[in-house]
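Remember, it's 1-based here, ligands and their atoms both numbered in the order they're listed.
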Amino acid sequence: MKQTFKTALAIVLAMNCLGSWAQWGAPADPNPTVKLKDAYKNYFMIGVALNQRNVSNDDQVNLVKAEFNSITAENDMKPGELHPKEGVWNWEKADKIANFCRQNGIKLRGHCLCWHSQFADWMFTDKKGKPVKKEVFYQRLREHIHAVVNRYKDVVYCWDVVNEAMADNVRPNFANGKFTPGSPYRDSRHYQLCGDEFIAKAFEFAREADPNALLFYNDYNECDPGKRDRIFDMVKKMKDAGVPIDGIGMQGHYNVYGPTEEDIDAAITKYKTIVKHIHVTELDIRMNTEMGGQLRFSRGENKPVAGYMNTLLTDQYNRIFKIFRKHKDVIDCVTFWNLGDRDSWLGVNNHPLPFDENYKPKQAYYAIKNFDAKLDNAQPKEDFVSNPCNQPGQEWPKVNSQGYARFRVEAPDAKSVIVSLGLGGRGGTVLRKDKDGVWTGTTEGPMDPGFHYYHLTIDGGVFNDPGTHNYFGSCRWESGIEIPAPDQDFYAERTDIPHGNMQKILFYSKSLGKMQEATVYLPNGYGKLVKGKNGKMEQQRYPVLYLQHGWGENETSWPVQGKAGLIMDNLIADGKIKPFIIVMAYGLTNDFKFGTIGKFTAEEFEKVLIDELIPYVDANFLTKTDKWNRAMAGLSMGGMTTKLITLRRPEVFGYWGLLSGGQYAPEEIKDPKCVKYIFEGCGSKENPAGINKSVADLKAAGFNAEGLISEGTAHEFLTWRRCLYLMAQKLFK
Ligand code: G3I
């Protein structure tokens, strides 16, 4: 069997079972030549904060040049680093970053001119260490700002002039028996010496030094309503006083749990009423509940990242960038604070960036880059109805006419609830908790029509959704949801026709030394007496289709998720087929270890099927027992099984079907007369070209071959229902 198909199937199977891929689960990139800065060229610049190593290591330099069009010096342009003592300047490191930008035509954000940390503290004291007057401090600050701004005026397009001057929390003062409101300002040496005037002075000096650079006030926790309003009030007061503040820098030191997109949206909406420019200046998203720019933080543990935490990271980046795109009118630049997790000020074990410790892109990188602008403003139609797969009396989950799915889970004390179902490459749909501890969420876009397995991950624990029935898939009973399909009538449970029945059988497998299970579909009227060819009344005998499930499924999957019985009942009732029996046995697929797809032979199941099950069925059911009344087909790994067995045992089955389970090549079939009909199908989101070519090759080689490409579906059950519906009409003809 061609390696390409086995590899493709291995990946599909891996996707089906692992959910999150490896540690960071980087999906296939549909646009590998498009980098972050390209994807956002119609929105805003994409920047990154760099250290000396990042502009010295070739791989990192190439990554920077490929992905980013704005750079910030993480530390090297700060007053304490540049100007540690009066008259002492350390330009070297800052120059290196600036020259890197000049040589590569990349813009440089100046960070920063006046801050309470990493500052040129010598400015506050005279040679004897005595505090100086604010006028002396201002003279020194002015010289510093003019020297730095003028040195980099040709490459720096904006400056974080004042950084983090507002208080994180305001505690009322209690004096003389009464409380007075606390100061909204950080109680820094700057503020103690100058009050908030130092802010105005710093901007004044910066404007003097460079009339063209955009001047920003930069701070963290800028979406926390209290801190937001303090920043807003200060900037408004300053601007009303003529202080040249052009923009607000939202640092963006967030975490996987917050802030919410509503809080971020509210902050930007408020800030844009007083400034024309907003930069997200220091974006990173740590994997705990802490946030902000403070230097006291948890460094995390050196352990592999759980898949669900990766999903939370991807989801938070995805939601935040959707808000940023919404405000592209005022956001000019979004800068990540460090290049890769290895560089992060938070330490590698907080995993806060789109590039991992080896500078490899994570799932989050692709969610940020490969966004679908159409979905940005898409609002699902509010015609949600309960999911057909729900347990009796269960209202949730719900689906709407467009294919969106909406979930509701009560878990008051949980920190995260993720539904494994969602748009590709996202790792699932992350729900949000309301004040009553109820988690709700809607898929970001319409799901493919048809049936989908899913489960919930609550703070890392995997559970089924209590609202739905359970379906055997991924080697466990999962929840299930049914998305409306335009052609769903062919598997509808019609009340106006007779129905066949599903029978569970247990047969002994000598080769396995144990009982095996299978489900048998018997058409309506099975067992009734009919007039035979010899005119005598006899029980009608039927051809048999042996229909195999995929990896992680079992003998209940085709009958239940596949709706095989309903499809047959409707076809028979509509006179599109003559009745036949379907036997759906467990295909021994679930002990299969990933990465060994190349070694999969299906020999074990071949013995069970041909030496034990078929004899049992022919002995216990009204079957026609020759090969021309016996067919075999399977989906996914069941398709691989079918191909391996039908090619090795062409004497057993006269009709062969592969459903998202590979293709036959004419040269693989030694005796073309050994098969009357070959069916091959897959979803349009799988490998339609492979199927079309294979069917064309088979036809060209004289085989009666037919193919189906299921429109708008992937490696999922509606693909296979549509395949069964078409294939069944050609069997036993
Ligand atoms: O340069 C000295 C070096 O000589 C010494 O050997 C080494 C030993 O500790 O320390 C080096 O200084 C470190 C400096 O980074 C340069 O690497 C300081 O200890 C360390 O505290 C400083 O951390 C920086 C921090 O700002 C200082 O507050 C982080 O790298 C930097 O990412 C962080 O960035 C700030 C933004 O500027 C403003 N917003 C918040 C953000 C995070 O705190």
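- Contacts of Asn163 with ligand 1, taken as heavy-atom pairs under 4.0 Å, involve the side chain alone.
- When heavy-atom distances to ligand 1 are checked against a 4.0 Å cut-off, Trp337 comes that close only through its side chain, counted from C-beta outward.
- The proximity of Asn338 to ligand 1, defined as any non-hydrogen pair under 4.0 Å, does not occur for either the backbone or the side chain.
- Side-chain contact between Lys201 and Cys194 is absent, with no heavy-atom pair separated by less than 4.5 Å.
- Listed by atom number, the atoms of ligand 1 under 4.0 Å from His111 heavy atoms are 36 (C), 37 (O), 38 (C).
- Residues Glu135 and Gln139 have side chains that never bring a donor and an acceptor to within less than 3.5 angstrom of each other.
- Of the protein's heavy atoms, none falls inside 4.0 Å of atom 12 (O) of ligand 1.
- Under the salt bridge (Lys or Arg N to Asp or Glu O under 4.0 Å) criterion, Asp436 pairs with no residue, sequence neighbours left out.
- Atom 5 (C) of ligand 1 lies below 4.0 Å from none of the non-hydrogen atoms of the protein.
- Short contacts between ligand 1 and Glu164, defined as distances under 4.0 Å to a heavy atom of the residue, involve ligand atoms 38 (C), 39 (N), 40 (C).
- Among all protein heavy atoms, the one lying closest to atom 23 (O) of ligand 1 is Asn75 OD1, 4.3 Å.
- Distance screen at 4.0 Å: atom 25 (C) of ligand 1 has a protein heavy-atom neighbour inside the cut-off.
- Of all the listed residues (His253, Gln52, Gln118, Met77), Gln118 holds the heavy atom that lies closest to atom 14 (C) of ligand 1.
- Nearest protein heavy-atom contact of atom 1 (O) of ligand 1 is Glu81 OE1, 4.0 Å.
- The closest protein non-hydrogen atom to atom 21 (O) of ligand 1 is Leu295 CD1, 4.3 Å.
- At the shortest separation from atom 41 (C) of ligand 1 among protein heavy atoms lies Glu282 OE1, 3.3 Å.
- Ring centroids of Phe355 and Tyr359 are separated by 6.0 Å or more, keeping the two rings apart.
- Looking only at atom types and distance, the side chain of Tyr271 has no donor-acceptor partner in the side chain of Arg228 under 3.5 Å away.
- Within a 4.0 Å radius of atom 39 (N) of ligand 1, the protein contributes at least one heavy atom.
- Close approach of ligand 1 to Lys78 (heavy-atom distance below 4.0 Å) involves ligand atoms 26 (O), 31 (C), 33 (C), 34 (O), 35 (C), 36 (C), 37 (O).
- By the definition of a contact as any protein heavy atom under 4.0 Å away, atom 43 (O) of ligand 1 is in contact.
- Under the 4.0 angstrom criterion, atom 33 (C) of ligand 1 counts as having a protein heavy-atom contact.
- Here the two rings, on Phe137 and Phe124, have centers that are under 6.0 Å apart.
- By the criterion of a heavy-atom distance under 4.0 Å, neither the backbone nor the side chain of Gln294 is placed next to ligand 1.
- Less than 4.0 angstrom separates atom 18 (C) of ligand 1 from none of the non-hydrogen atoms of the protein.
- Ion pair Arg151/Asp95 flagged as a salt bridge, since at least one NZ, NE, NH1 or NH2 atom sits closer than 4.0 Å to an Asp/Glu carboxylate oxygen.
- The pair Lys276-Asp246 does not count as a salt bridge, with every side-chain nitrogen at least 4.0 angstrom from each carboxylate oxygen.
- Between the side chains of Tyr220 and Asp168, a donor-acceptor pair is found at a separation under 3.5 Å.
- Ranking the protein heavy atoms by distance from atom 31 (C) of ligand 1 puts Glu74 OE2, 3.4 Å first.
- Within the structure, salt bridge (charged side-chain N to carboxylate O under 4.0 Å, His left out) contacts touching residues 66-82 (residues at least two apart or in different chains) do not occur.
- Under a 4.0 Å N-O distance rule, the pair Lys237/Asp233 does not qualify as a salt bridge.
- Considering backbone and side-chain atoms alike, Trp345 places every N or O at 3.5 Å or more from each N or O of ligand 1.
- Atom numbering of ligand 1 starts at 1 in the shown order; those under 4.0 Å from a heavy atom of Ser117 are 28 (O).
- The existence of a salt bridge linking Asp376 and Lys326 is excluded, since no basic side-chain nitrogen approaches an acidic carboxylate oxygen closer than 4.0 Å.
- Between Arg230 and Asp219, no side-chain nitrogen of the basic residue sits less than 4.0 Å from a carboxylate oxygen of the acidic one, so the salt-bridge criterion is not met.
- Within ligand 1, the atoms closer than 4.0 Å to a non-hydrogen atom of Gly293 are 40 (C), 42 (C), 43 (O), numbered from 1 in the order shown.
- Proximity of the aromatic rings of Phe324 and Phe371 is defined here by a centroid distance below 6.0 angstrom, and this criterion is not met.
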